[in-house]
Every structure is written in C-alpha cells, then in structure tokens.
Amino acid sequence: MSKTILSVDDSASMRQMVKLTLGGAGYEVIEASDGSDALAKAGGGGVHMVLTDLNMPNMDGLSLIRELRKLPAYKGVPIIFLTTESDGGKKSEAKAAGATAWIVKPFQQQQLLDVVRKVLG
Amino acid sequence: MAAATDPHQIFLEEAAELLIQLEAALLSLEAAPDDRELIATAFRALHTIKGSGAMFGFDAVAEFTHQLESAFDRVRNGQLAPSAELIGIALAAKDHIRDLIGGPDAADPAAGADLLCRVSQLVGAPAAPSQAAPVAAEGRREAMVTWRIRFGLAADSLERGINPLPLLDELRSFGPCTVLALTDAVPPLAELDPVACYLRWDVMLTTDHPRGDIEGVFIFVADECELQLEAVGDAGGRLGDILVRRGDAHPETVETIAAGRERLGTLLVREGVVGEPQLRSALAEQKHVREAAGSQAAAIGSVRVPAERLDNLMDQVGELVIAQARLKQLVAACDDGHIKAVAEEIERLSNGLRDTTMGIRTVPIGSLFDRFRRLVRDLSHDLGKNVRLTMSGEETELDKTVIERLNDPLVHIVRNSLDHGIEDPDARELAGKPRQGCLQLSAAHSGAQVLVKVRDDGRGLDRDRLRAKAEEMGLLVPGAPITDAELLQTIFHPGLSTAAQVTSVSGRGVGMDVVKRAVDGLRGSIEVASVPGEGTEIALTLPLTLAIIDGLLVRVGNGRYVIPLSAVEECVELSTADDLRHTGRNFLSIRGDLVPFIRLRQTFRSPLPADPYQKVVIVAAAERRVGLVVDQVIGDHQTVIKSLSRLHADVANFSGATILGDGTVALILDVGHLVAEGQAAEPPRQAS
C-alpha cells in the first residue's frame, strides 16, 4: 500500500513539484495551501509524513506543527519543513515543536526524494 | 487554474497572480499604511516569488526579489515605515520582477540595480521617528567573524539518510567558506565498509550570521553528529599556534620542534605529532583567515592614492628587485649558511612586494570588455542587425590608467564595426554568410605589450571608395601607386569616412582619427587589416607601462640582451649547414615551416669572433615567427623594464633596458620590430 504524504505550501508551483517528485516515486500526495487548510483536510490522520512551508497565510508552518503534534494521529508522523529560511532561531523553534528535518529551498528533486525515502523507510 | 502540470508553467501563472496581489496590496497600503494584513500579503507575495523562483531556476528573479522581501520583512516587524517612497519603489520593482520573469533580456539591469540601490538606501536610512528603534534590528547582524567548524557524522549516518552535502552547501551560503575533509579515519580498502561515513570536515567560515544560524544548520542532525564550533577571530597567525589552539598538538612539543629550522609543518608531520590531514586543514585555516582579512579590508573601502605615488613606489620596488638580484649573485659565491638564509628570505619578500605593487595598478581587461556586451546588444538591435559578441583573453591584466583611456577608442572601433562593417542579416545571407554577424574582442600579452584586437566578419573596407575619398581630400595624387597597407592607413586621417550615409551611430568620419590620437597618447600603435567581403581587424598594441617581465637572457658578442619570455617559442642550435649557407637565404626549417632568421651579431655589429656553436631563439609576434641567432643562451631572468631616455627614442630593435645582477645594463629586444624586419627581409614560405 502506498504511503500518503501531506504537502502544505501556499505556492502552487511548489506543491506541484512535490507532487510530481513524490507521486512519481509511488507516494500518494495530499495538497493543502496553508496550515488551516491542512488541518481541515488531514486533521483526521491517515498521513504518513508532512512536508510544510514555513511562511503561509492564515496559519504558518510553526502553528501547524504545534497543532498537529497535539493530535494523537500525528504523534509519530515525521514532519519536514521545506523553506527558504535558514535562520537558526526559527529552526530551533521548529525542532522544539517536533519537526523531523529542515530542507532549505531551493533543493534538488532527488534530494527531497532521498530524504523522504530514508525517513519513511 | 489551468490544467498545467509542469511546475515551471504553474510558477509563471502563480507569479503573475502574486504580482497582481502585490500591486493591489501596495496600492491599498498607500491609503492605509497601518493595515498589517496588507503588509503581510505583500511580504508573502514577495517571499513566495523568491522561494519558488529560486526553485525553478529564476535565479535573477529570486536575487532581485530577495532585497525587496527583506525590506518588507522589516516593515512587517515594524522596523520600517511603509512610506509613499517605499511603495513607489516597490511598485516599480514589481514591474521589474514581471520583466525579469519574462526573460533575462526583457528587463533592464541598470534599472534593476537602481531600484535595489534605492531600496537599500531606504532600509539603511533611519526609520520614521514613530517607529520602533532600529537598533534592535541591527543587533541581529553581527560583524564578520571567522568560525572554525569541525563536524563528523556517526558511521552509520549515511545509511540513515543524512547527507552532509546540503549541510556544507548551507554553510557556504553564509559567506566565504573553506571546506576540508579529514580523511585520516578512512581505513585501508580491505577493512572499508562502503556505506559507512569515515570522514570529518573542517570548515572555515567567515560570516556575519550569528552563532545560532550556524548551529541551526546542524540542528536536525545533532543526534548523529559531533560538532565543534569556535570563533577563530582574526587570530590566524602562525601554523603552530593554530594547531595548538585546535588541540591537535601540545604547545611544548611545538615549541621544541619550532626551534629547528625546517618548515614547522613538515617537521610536525615527520615527528608524528600531527597527521597530514590535520596539517592541511590548519594550513587551510591560515589561508582562509588571511583571505578573509583581505576581503574585509576590501569591503571597508578603497583608499585613493595619487598615481604619482604609485609610480614612485613601483620605481623603488624595481630598484629593490635589482638590488636583490645582485645580492643573490654575491651570495651564490659565499659559503655562509646564515647569510644565504637571509638572502632567500629577502628574495621571497621582494618578490611578494613586487607582485603586490604590480597588482595595485593592474586590472583585468575583462572589466572593460564587459561594458561592450550591452553596447553591442543595444546597438545591433537599433541597427536591425544580428551580432554575436565573443571575447577572449579577458584575464589579461593591464595598467588601470591604460584600461580607462582605452574605453573611448574601443567604443569608436566597435561602433564602426557594427555600423559600417557588419551587414544586415539579409545582405549577409546574399553574400553567403550566416545571418548572425560576429564581433570578436580579444586581448593577449605580446612580449612587453598587450595586443587588443577588434575583429568583425563584415564586408571589409571598401578600397575603391577609400581611394576615391582620399583623392578627393587631396591626400593622394590621383592614380599614384600606393600599397594596400598605406591605403588602409588613410582611414586614420581626420574627416575621412567611407560611409555613404551619415548615421547617428558613427557620425561623419570623426572616429578613427580620434582613435589613433588616443592610442598614440598611450604610446601604443594601431594597425588595420581588412579583407573585402570577409571582415576587418583592428589591432591595438599597447605598452604595459609598469611591467616587470620574465625574460630570456642571451649573449651576443660581449653584450647581453633580454628577450621577453612570452615571445620565445623555442631555442635550437644553428647547424653548421644552415650557418654556412651564406649564398642562399637565412632560413631554418622548423617542423615543416621555413622560419627566417636574423644574425644579431650582424645587426648589432659585434666585432668579436662568433662562438663555435650558435643558438637560434625562435620568437613570435603577431602570429609570425623569426629566429634570432645569438652566441649563448644564458637563462631566464626577471626583468624590471626601464624605459629608454628620450635621447634614444628613435632606436629601433630595443623596447627598454634593464639592470642585471652584476650592475651592468642589458637592453630588452623589441620582438615585434625584429619579427617584422625578419619577415620583411625573407617573406614567409612553406618548406618544399
């Protein structure tokens, strides 16, 4: 059974790229355009991994991860940030909130795929 | 949204949409500067354009947008007021981003640079009084600090999906960075586990990012990674100190060993105190800190110094180099090891001083050539021509003043080529040439001179019209015989233009005479070659005014002469057969080519009998070769060029003089002149 990945980004082109990269490798990708959209679409669970942007309208990545970690369905789910930020403070906040990894944009598609494969096994 | 699935295409649509949002937000912001939602919208639009733009290869877009995004980040944090001026700039910048996305040629780089400059001025300027103090914001960015980062990954970390490369890339994005892999833990091949990570890295990073950002790079691998992070400061210093500070060696051991006289690093490794990789890493740090200090000095700004002072400095350095050469000769005959050591030190220092001093005044000609990209692009567009500009030899270094004064003449020449030389695409096609014309700028050292060429593949100079024009102006007696070269030279006469029509581009014949005057002013020379229907080449030969060159020292009779090494192709022996062929011509066969040779003994009228074995130094200038017959090739010799006095201005064959180690004077041969002379005496031919 293919694993499901939730991709949260307000940039449609970024989402499409994630979808093409991971969908092509046999993963199921659910798209959400910001934090609240993600909670609405996948709050119930059934997701094996979350890839999220940091800066988004309505609800940003940090708030999203804090909300998700409160949900029992997301206890052990890896959450990875895909962002242009490389600010150390933001990173430690994300780590403290339970983020698994941090990938700085721009990145290579192969790099994303490698990380996802390793983390999901 | 359209059914596009290509992320690249989606980005274009997305960016267009974001730009519309940005514009709307900016316009509303003008009326309601305190609306945080509008500010956030504007920021996010810029943020996404930057991030996604970088993702899909719109690097220029990402780079340009980054500055604006930073400005709006500050607006968002209350450090900058969304003034009417900022909004005005942002609106113009929005249009510029749209152009940039359209394609690199659609946007005007100058306008972009101007906008960025205005943004940074605005950001740099103190915020409006009502706003929060900007000091706190400034505190985040710190002064440039050099960090030593040593990190290693657990042996199984590669298997667990940790890739050190993105970590290194991220560090590199912070500033100038030297990365060295420590390979000492790599086991012999038989014991090597191919998926294990044996490497550790030493990274020397000079950055204004705070410590937290650097630690942040490793946050997500912290459990699998050993990390040491230390500020090196400016204390690069001696190798031993670096190794001790890093804890790779004990201070006492280093002291004891340093008392010896070999290079410390070699000794430490031989004694097994530190490993080879540690040493290389420490040396890399030493270098990195020195370079960082250098570039920071450059960042602080430049100091304006009158050119005269630099000339004086150069003169004195020249004298120093000469004195040092004499010292070297004296020391060679002396047995005292201490004096030898000092002499070597002085040699090293004076060489360094010489290179530095030379470097102060010279800049690569590429900085000048680069200005022509725009000129050629705009001009060919205006003229409806399709022209490709190619360049070579951009790294050729020339005295800065020469480069500055070369700009105007080159502009004239390039304009002439574009306007009169290169035909429009249709005419080119009719003539059987590719529709795209080619203009080539090149530079190369040619002995003590630099040869700058502008070549086009256009229609060439119209000799009939040139002649008619020259006769009309009374430069030529109608019907009088004239060589082709002389005819071409007439283009340098004031007021002569072969253009049937006067255009705004190259005007009415003013140009080439101005060019000639400017080149003469640089003590250079200008030559024109043109083949009808194939193109024109204008070659400027310019002196390297402050050159110290490598030369080949030769002896002819009892006089010694220096041949610029860059002109020397090879040295061969003059066989008795070639030597004795007095009746025939003076030719040598060099791999199938007949190369004429000049007997310098005869040219310099040396009265002494010739050495039994004469040598021939093959030299080349302007792609032609000639052999110079000398008595002895002594060896290479670094030469400070002293110009000849005005009294000797008319002396041919010599371009300058130099003082040798023993204090005697050697003349520097003017290879260009000798080659021309040799070729004129014996026109080139193919060996039968």
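Below, chains carry the letters A, B, ... as their sequence lines are ordered, and counting in each starts from 1.
Proximity to chain A is limited to the side chain of B:Glu170, based on heavy atoms less than 4.5 angstrom apart. For A:Gln109, no part sits under 4.5 Å from any heavy atom of chain B, backbone or side chain.
Heavy atoms only, all atoms of each residue included: A:Ser13 and B:Pro7 are closest at CB-O, 3.5 Å. Here the closest non-hydrogen pair linking B:Ser52 and A:Met14 is OG-CG, 3.4 Å.
In this structure, A:Met17 CE and B:His8 NE2 are separated by 12.5 Å, a value rounded to the nearest 0.5 Å. Note that CD of A:Gln16 and CD of B:Glu14 are 10.5 Å apart. Values are rounded to the nearest 0.5 Å. Taking CZ of B:Arg44 as the start and CG of A:Asn58 as the end, the distance is 7.0 Å to the nearest 0.5 Å. Within the model, atoms CD of B:Glu69 and CG of A:Asn55 stand 7.5 Å from one another, a figure rounded to the nearest 0.5 Å.
Ranked by heavy-atom pairs under 4.5 Å with chain B, the first of A:Ser92, A:Pro57, A:Gly89 is A:Pro57. Of the listed residues A:Gln108, A:Lys95, A:Lys105, A:Lys19, the one with more heavy-atom pairs under 4.5 angstrom with chain B than any other is A:Lys95. Among A:Ile103, A:Asp10, A:Thr83, the residue making the largest number of heavy-atom pairs under 4.5 Å with chain B is A:Asp10. Among the candidates A:Leu20, A:Thr84, A:Asp9, the residue making the largest number of heavy-atom pairs closer than 4.5 Å to chain B is A:Thr84.
Along residues 53-62 of chain B, the residues that come nearer than 4.5 angstrom to chain A, judged on non-hydrogen atoms, are B:Ala54, B:Met55, B:Phe56 in order of number.
Shown here is B:Glu37, whose CD atom has no more than 12 heavy atoms of other residues, nucleotides or ligands within 6.0 Å. Heavy-atom contacts from other residues, nucleotides or ligands closer than 6.0 Å to CD of B:Glu215 number more than 12.
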Show your working on side-chain contact (heavy atoms from CB on, under 4.5 Å) between A:Lys91 and B:Asp213 and close with a plain yes or no. CA-CA 9 Å; A:Lys91 271 189 189 171; B:Asp213 282 6; over 6 Å; no
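By the side-chain contact (heavy atoms from CB on, under 4.5 Å) test, A:Lys90 pairs with A:Leu54, A:Leu62, A:Glu85, A:Asp87, A:Trp102, sequence neighbours left out.
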